[in-house]
Novice: 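What follows is a structure written as structure tokens; I'll ask about it next.
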Protein chains: 2
Amino acid sequence: MPSRLIVSRELADLFKLLAHPDRLRLVEELGAGEMDVTGLADALDLPATRISQHLALLRAQRLVEERRDGRNHFYRLSNPHLAAWVLDALPFIDIRQRLEDAEHFDSARALWSAREPQSSSSK
Amino acid sequence: MPSRLIVSRELADLFKLLAHPDRLRLVEELGAGEMDVTGLADALDLPATRISQHLALLRAQRLVEERRDGRNHFYRLSNPHLAAWVLDALPFIDIRQRLEDAEHFDSARALWSAREPQSSSSK
DNA sequence: CCCAAGCCTGCAAGAGTTTGCAGGTTTGCA
DNA sequence: TGCAAACCTGCAAACTCTTGCAGGCTTGGG
């Protein structure tokens, strides 16, 4: 029984789904609580259409759940632990090469989690 | 400072690298200790060329390290925790839909970890 | 009833990934 | 020195993913 093959394919699909900067940021944003599409678009500074397309993918694999309230569609993580698990990957990235600001992985985590003022600096 | 953008891109690169069944199996195999290319090719039942190509990608992002001994190239995980972290993703996959054998995530983990006889059953 | 806000889907061009194959390098052994 | 084992790299065809755009649906307010 090639169970390991099946599991590895399923896992690969999950990793594929998360293998996009926008979607990772969505997951982290939703880790803080549910939010509607416009709110997510504002938070990530991306067109709402793109957010919607990413959410459709996350929805298709049941990583997020939808709740409709009037015209707004609110999304939340199906499993709230997902955001923390994603951040657990920080020790594995070779961040030292390209993020000069952060001397340690801990500060990288802090940088991510920090709620920056969403106004002045663009992308 | 768009630190979060940089971190999300780095993380996405990591996820992209792991978003392939063969490479996930390589990581799990190497989680048990170092192995040479032929050994990995036998373990995964794949052509050695393909293994080599996957390893080149993992090496480029420093997820694995190489040690040469004569004609053999032995590979090991740069960070041994990687394999365990990958398995921590099992609760997030919607495995119930497609792996009828496994009733619970725990058994999926067990199925993965189980050392199956590598002989009879093909792929 | 009509409009606009908020969101969704389909599509196609461009970009990126995967894979087998051909050909190369290095090492060990006779 | 010659040969074979064990790997590595480059390439091109096939495939998949991304993204903006055009268009569609539903809801709430006037």
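Throughout, protein chains are lettered first and strands after them, A, B, ... in sequence-line order, and every chain is numbered starting at 1. The structure presented is a predicted model; accordingly, all values stated were derived computationally and were not measured.
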Novice: Treat primed atoms plus P, OP1 and OP2 as sugar-phosphate and everything else as base, then score nucleotides 22-30 of chain C 5' to 3': B for base contact with protein heavy atoms under 4.0 Å, S for sugar-phosphate contact only, - for none.
Specialist: -----BS--

Novice: Look only at the side chain of A/Ser52 and the backbone of A/Ala48, and say whether a donor-acceptor pair between them is shorter than 3.5 Å.
Specialist: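 Checking the backbone N and O of A/Ala48 against the side chain of A/Ser52, no donor-acceptor pair under 3.5 Å is found.
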
Novice: Rounded to whole angstrom units, what separation is found between the CD1 atom of A/Ile51 and the P atom of D/dC21?
Specialist: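 Interatomic distance, CD1 of A/Ile51 to P of D/dC21: 16 Å.
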
Novice: Would you mind reading off the distance between A/Asp42 atom CG and C/dG6 atom C1', rounded to a whole angstrom?
Specialist: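 In whole Å, C/dG6 C1' and A/Asp42 CG are 12 Å from each other.
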
Novice: Among D/dT9, C/dC11, C/dC8, which nucleotide sits nearest the side chain of A/Gln53?
Specialist: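 It is C/dC11.
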
Novice: Can a donor-acceptor pair be found, under 3.5 Å and without considering hydrogens, that links the side chain of B/Arg23 to the backbone of B/Leu17?
Specialist: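 Between the backbone of B/Leu17 and the side chain of B/Arg23 there is a qualifying donor-acceptor contact (under 3.5 Å).
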
Novice: Figure out the CZ/P separation between A/Arg9 and D/dT16, and round it to whole Å.
Specialist: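 Rounded to the whole Å, the gap is 14 Å.
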
Novice: To the nearest 0.5 Å, how far apart are OH in A/Tyr75 and CG in A/Leu40?
Specialist: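 Between atom OH of A/Tyr75 and atom CG of A/Leu40 there are 9.5 Å.
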
Novice: Nearest to the A/Ser52 side chain among C/dC8, D/dT18, D/dG20, which nucleotide is it?
Specialist: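 It is C/dC8.
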
Novice: Send over the distance from A/Leu55 CG to C/dG6 P, rounded to a whole Å.
Specialist: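 It is 16 Å, rounded to the nearest whole Å.
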
Novice: Of the candidate nucleotides C/dT9, D/dT9, C/dC8, which contains the atom at the shortest distance from the side chain of A/Ala56?
Specialist: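 Of the candidates, C/dT9 comes closest.
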
Novice: What is the distance from CZ of A/Phe15 to P of C/dT18, rounded to the nearest Å?
Specialist: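 Rounded to whole Å, this separation is 14 Å.
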
Novice: Start at the 5' end of DNA chain D and walk down; is the nucleotide closest to A/His54 or to B/Gly39 reached first?
Specialist: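 Looking at DNA chain D, the more 5' nearest nucleotide goes with B/Gly39.
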
Novice: If you check the A/Asn72 side chain, which of C/dC8, D/dT19, C/dG6 turns out closest?
Specialist: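 The closest nucleotide is C/dG6.
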
Novice: Ring-plane angle category for A/Trp85 and B/Trp85, please: parallel below 30°, perpendicular beyond 60°, tilted otherwise.
Specialist: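 Rings of A/Trp85 and B/Trp85: parallel, under 30°.
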
Novice: Any side-chain to backbone donor/acceptor pair from B/Ser78 onto B/Arg62? Under 3.5 Å, distance only.
Specialist: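 A pair under 3.5 Å: yes.
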
Novice: Between D/dC8, D/dT18, C/dG20, which nucleotide has the shortest distance from any of its atoms to the side chain of B/His73?
Specialist: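 Of all the options, the side chain of B/His73 is nearest to D/dC8.
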
Novice: Is there a side-chain contact between A/Arg50 and the phosphate of D/dG20, meaning an N or O under 4.0 Å from OP1 or OP2?
Specialist: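 For A/Arg50, the contact criterion (side-chain N or O under 4.0 Å from OP1 or OP2 of D/dG20) is met.
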
Novice: Give the rounded distance in Å between these two atoms: CG of A/Leu24 and C1' of D/dC17.
Specialist: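 Nearest whole value for this atom pair: 15 Å.
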
Novice: So, taking the atom named CD in A/Glu65 and the one named CD in A/Glu34, what distance separates them when rounded to the nearest 0.5 Å?
Specialist: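 So the CD of A/Glu65 and the CD of A/Glu34 are separated by 10.5 Å.
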
Novice: Between B/Asp36 and B/His73, do the side chains contain an N or O donor and an N or O acceptor separated by less than 3.5 Å?
Specialist: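 Their side chains do not contain a donor-acceptor pair, so the 3.5 Å distance test is not met.
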
Novice: Give the rounded distance in Å between these two atoms: CG of B/Asp22 and P of C/dT17.
Specialist: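 So the two atoms are 16 Å apart, to the nearest Å.
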
Novice: Nearest-Å distance, NZ (B/Lys16) to P (C/dT18)?
Specialist: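 Checked: the NZ to P distance equals 10 Å.
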
Novice: So what does B/Tyr75 touch, heavy atoms closer than 4.0 Å: a base, only the sugar-phosphate, or nothing?
Specialist: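 Since only primed, P, OP1 and OP2 atoms lie under 4.0 Å of B/Tyr75, the category is sugar-phosphate.
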
Novice: Any strand counts, and the cut-off is 3.5 Å on both contacts for Watson-Crick or G-U wobble. Which nucleotide pairs with D/dG24?
Specialist: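 Here D/dG24 is engaged in a pair, and the nucleotide opposite it is C/dC7.
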
